[in-house]
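Below: the structure, in C-alpha cells.
Counting starts at 1 for both ligands and their atoms, in listed order.
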Amino acid sequence: MECVRKVCDDLYWVGGNDHRLALFENIHPIPRGVSYNSYLLLDEKTVLFDTVDWSIGRQFLENVAAVLKGRDLDYLIINHMEPDHAASIEEILLRYPNVTVISTEKGFLLMRQFGFDVEKMEEVKEGDTRCFGTHTITFVEAPMVHWPEAMVSFDITNGVLFSADAFGSFGALDGKLFNDEVNFDRDWIDDARRYYTNIVGKYGAHVQALLKKAATIDIKMICPLHGPVWRNDLGYILDKYQHWSTYEPEEKGVLIAYASMYGNTENAAHVLATKLVEKGMHNVALYDVSNTHVSQLISETFKYSHLVLASVTYNLGIYPVMHNFLMDMKALNVQKRVVGIIENGSWAPKSGSLMKECLDEMKQMSILNEELSFVSSMNDANRNEMDALVDGILDSMKDA
Ligand SMILES: Cc1cc2nc3c(=O)[nH]c(=O)nc-3n(C[C@H](O)[C@H](O)[C@H](O)COP(=O)(O)O)c2cc1C
C-alpha cells in the first residue's frame, strides 16, 4: 500500500524509510535508520524531484503511482546523483518512458557513468527556469554540496526549496514529515549534526556559497533528501549551518576524547572533567575513542569550542584509534578549536608531540601551552600540571 504525505498544495512526499541499513555509506552507523525523500509535484505537468535508494524502491514506485492516479510522469528533476537518491532512476525511466529528465551537465555525465540510458533530457544551469503550469522552478548550482554535480531547485511560486543533501539528517521519519512534528532540538539535532559534519563537513566553503545564494531568495519551506521537511523556524537550522560551514563552535564547552588501554589515561581524563565541572564549566563531554564511533567524535568536535586529546603512546606512535580520529578531523577540515593535550607512556612517551604534529596540519588550531605528560599513572607530581591545564582551558574561554 502507498505510504505518502502531502507536503503542501500540489506537492507530495513519496519517499520511504530504511531501518535495516546498519552503516550509511557503509561507514556511519545509523541506529535510528534513515529516510530517502522524494517529492512529486502535480501541476499541469507532473514533476518528480529525485528518486530513492534501491532498498526502498518498491515502496517508492507504489507511492509515485498512487499520487499520479493514472497520470503519466512528465518530468524527473535530478538534483543529486548519489545512488542513495538516484538508484531508482532506471526503474522510473522504464515505467514512465515519456519522462524528460532535467539535470546539470555533470548530473547527466554521472547518469551515463552509472549506466542510466536517458533518452529525453534537458540540461539546466544556474538561473535557468522551467514552468510546469502554475509552478515555476529555478535551478541553483550547488557544487560539492556534496558532490560536484549537485544543484538545488527552488519553486518560485510557493517558496519551496528542494535542497538535495543540504539540511538533511540521519534518522527515519516513521510517519512524521515536518520539523514541527518532532522535537528537533531534543531528538534530531545530534543526528543532523553527525550527518552534516561527516558527509558535507569538508566542504564548508561550498556550503557558505550556497547559503549566500539562499539568503537572496524567499524560502518558505526546505525539502531535503533525508530527514524532516522544514516548514517553520528555518532560522534554527540556517544558524546551525552557518556555524558548521564556517567551523565556528556552537557552544562554549570541552570535548575530552581519550585513548587508554589499562585505565590510567582514562583516569586523567576523568580527573580533568571533574576539575572543570568543579570550577564551573559544566558543558563537558567525555568519550573513549575506542568505543565511540569516529563519526560521533567528529560531530562533537564541530559542536564544542574546546577539545582535549588524551592518548597513550603505542609502539612509539599515537594510539591507532586516536590517530584515526585525528586523520578524520583533518580530512573533514576541522579547524578553529582550542586544544589541550594529555600524553601518557610507560617508557618513551611520544603521543603528545605526535598529536601536535597532526594538529599543526589543520587550520587555526590553537594548542594550549599547558600540557600534561605523565608516565604510566597519575601521581602527586602531576597535580600542578593538571591544575594548570584546567586553568589554561578556563582562561582561554574568557578570551573567546
Ligand atoms: C602494545 C603496547 C605498546 C606500547 N608502546 C609504548 C611506547 O611506545 N612508549 C611508551 O612510553 N609506552 C608504551 N606503551 C605503554 C602504554 O602507553 C601504557 O598503556 C600506558 O603508559 C598506561 O596507560 P593506560 O593505562 O591508559 O593504558 C605500550 C603499551 C602497549 C600495550
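The aromatic rings of His28 and Phe170 lie tilted to each other, with the angle between the two planes from 30° to 60°. The aromatic rings of His226 and Phe24 sit perpendicular to each other, their planes meeting at more than 60°, with 30° as the lower class boundary. Ring pair His206/Tyr203 is perpendicular by interplanar angle, where above 60° counts as perpendicular and below 30° as parallel. Relative orientation of the Tyr258 and His270 rings is tilted, given thresholds of 30° and 60° on the angle between their planes. Using a 30° and 60° split on the angle between ring planes, Phe302 and Tyr196 fall in the perpendicular class, above 60°.
Every atom of ligand 1 is numbered from 1 in the order shown, and the set under 4.0 Å from a heavy atom of Tyr262 is 19 (O), 24 (P), 25 (O), 27 (O).
Taking only nitrogen or oxygen atoms, main chain and side chain alike, Val312 does not reach within less than 3.5 Å of ligand 1. The shortest N or O to N or O distance between Leu316 and ligand 1 is below 3.5 Å. Some N or O of Ala348 is nearer than 3.5 Å to an N or O of ligand 1, by distance alone. Not a single N or O atom of Glu266, backbone or side chain, sits closer than 3.5 Å to an N or O atom of ligand 1.
When the heavy-atom distances from atom 26 (O) of ligand 1 to Gly345, Ser311, Ser260, Ser351 are ranked, the shortest goes to Ser260.
Protein heavy atom closest to atom 1 (C) of ligand 1, with residue, atom name and distance, is Tyr314 CE1, 3.6 Å. For atom 23 (O) of ligand 1, the nearest non-hydrogen atom of the protein is Asn344 ND2, 2.8 Å. Looking from atom 30 (C) of ligand 1 to the surrounding protein, the closest heavy atom is Met261 CE, 3.7 Å. Looking from atom 12 (N) of ligand 1 to the surrounding protein, the closest heavy atom is Ser346 N, 3.1 Å. What sits closest to atom 4 (C) of ligand 1 on the protein, heavy atoms only, is Asn315 N, 3.5 Å. When only non-hydrogen protein atoms are considered, atom 17 (O) of ligand 1 lies nearest to Thr313 O, 2.8 Å.
Asn17 has its side chain out of reach of Ile56: every pair of non-hydrogen atoms, C-beta onward, lies at least 4.5 Å apart.
Electrostatic pairing of Glu105 and Lys125 does not count as a salt bridge here, judged by no charged N lying under 4.0 Å from a carboxylate O.
Gln335 CD to Glu248 CD: the interatomic distance, rounded to the nearest 0.5 Å, is 9.0 Å.
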